[in-house]
Amino acid sequence: MSGSGSGGGGGGVWVFKNGVMQLQAEQPAAGRKALRYVPTGETMSSLELLERRLGAHGWERYYENRHIVQLHRRDGGIDLISLPRDFTQFRSTHMYDVVLKNREHFKVVDVPAATC
């Protein structure tokens, strides 16, 4: 992977597409994303709700401070998820991190423009 996309100019989100990690440009406000819990179709609307859902799949708090909460797998796996304590700071990068480590249980969906 090249580091050329990490400097100065535009922002973006790293996503996996067809087994390859690619930098995807940030979506405009009308294309906002949400994290959905697949088994119930529920949209994650708070850190507490997301933690409960992740907890059901073996995740628990590992570290926390004023700004972030980190979760790790109870089974001792090496995966770590970092989430902002302030859920208004929850971005697509956090969503894709959750999805990547819980592919069967979560997905990122588009939020209809009327609800943004």
Side-chain angles (χ1 to χ4, degrees):
M1 288 189 322
S2 169
S4 62
S6 62
V13 178
W14 288 100
V15 295
F16 281 99
K17 217 179 234 182
N18 299 325
V20 178
M21 189 176 221
Q22 300 174 345
L23 183 62
Q24 190 173 62
E26 285 288 351
Q27 300 293 323
R32 294 188 83 66
K33 304 290 184 183
L35 183 65
R36 179 151 308 144
Y37 184 61
V38 174
T40 63
E42 183 177 27
T43 298
M44 299 295 97
S45 58
S46 71
L47 179 61
E48 294 77 21
L49 179 58
L50 179 54
E51 272 194 274
R52 265 198 316 273
R53 295 298 182 209
L54 287 168
H57 298 288
W59 293 90
E60 66 184 5
R61 279 196 183 194
Y62 173 73
Y63 173 80
E64 61 185 301
N65 68 24
R66 289 184 355 201
H67 305 289
I68 66 165
V69 171
Q70 288 184 325
L71 305 167
H72 73 113
R73 290 212 182 259
R74 279 190 288 271
D75 65 9
I78 61 170
D79 287 331
L80 195 64
I81 296 174
S82 294
L83 303 170
R85 182 175 292 283
D86 177 1
F87 205 73
T88 63
Q89 299 300 310
F90 190 66
R91 303 286 184 250
S92 58
T93 52
H94 303 108
M95 294 178 206
Y96 284 109
D97 190 33
V98 171
V99 170
L100 179 66
K101 295 168 183 163
N102 298 276
R103 292 174 194 252
E104 315 251 325
H105 307 292
F106 292 91
K107 68 179 180 178
V108 176
V109 296
D110 291 318
V111 175
T115 62
C116 288

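The existence of a salt bridge linking Arg32 and Asp110 is excluded, since no basic side-chain nitrogen approaches an acidic carboxylate oxygen closer than 4.0 Å.
With sequence neighbours excluded, the residues forming a side-chain hydrogen bond (donor to acceptor under 3.5 Å, both in side chains) with Tyr37 are His57, listed by chain and number. Partners of Tyr63 under the ring pair (Phe, Tyr, Trp, His ring centres under 6.0 Å) rule, at least two apart in sequence or in another chain, do not exist in this structure. In this structure Val109 satisfies the side-chain contact (heavy atoms from CB on, under 4.5 Å) test together with Ala34, Arg36, Lys107, sequence neighbours excluded. Legend: residues meeting side-chain hydrogen bond (donor to acceptor under 3.5 Å, both in side chains) with Ser82, ordered by chain and number and at least two apart, are Gln70.
To the nearest 0.5 Å, atoms OH (Tyr96) and NZ (Lys33) are separated by 4.5 Å. Atoms OG1 and CG, on Thr43 and Leu50 in that order, are 12.0 Å from each other to the nearest 0.5 Å. Between Leu100 atom CG and Phe106 atom CZ the span is 13.0 Å, to the nearest 0.5 Å. One finds the CG atom of Leu35 at 9.0 Å from the CG atom of Asn102 (value rounded to the nearest 0.5 Å).
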Got a list of side-chain donor-acceptor pairs under 3.5 Å for residues 74-81, not counting sequence neighbours?
unit_1: Arg74; atom_1: NH1; unit_2: Trp59; atom_2: O; d: 3.4
unit_1: Arg74; atom_1: NH2; unit_2: Gly55; atom_2: O; d: 2.8
unit_1: Asp75; atom_1: OD1; unit_2: Gly77; atom_2: N; d: 2.9

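Annotation: salt bridge (Lys or Arg N to Asp or Glu O under 4.0 Å) contacts involving residues 81-98, sequence neighbours excluded, comprise Glu64-Arg85, Asp97-Lys101. For residues 42-56, the set of pairs meeting the salt bridge (Lys or Arg N to Asp or Glu O under 4.0 Å) definition, not counting sequence neighbours, comprises Glu42-Arg53, Glu51-Arg61.
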* Give the C-alpha distance, both sets of side-chain angles, the deciding distance and a yes or no for side-chain contact (heavy atoms from CB on, under 4.5 Å) between Leu47 and Phe90. => CA-CA 9 Å; Leu47 179 61; Phe90 190 66; over 6 Å; no

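The hydrophobic clustering, which links ILVMFWY residues whose side-chain heavy atoms are closer than 4.5 Å, places Ile68 and Tyr62 together.
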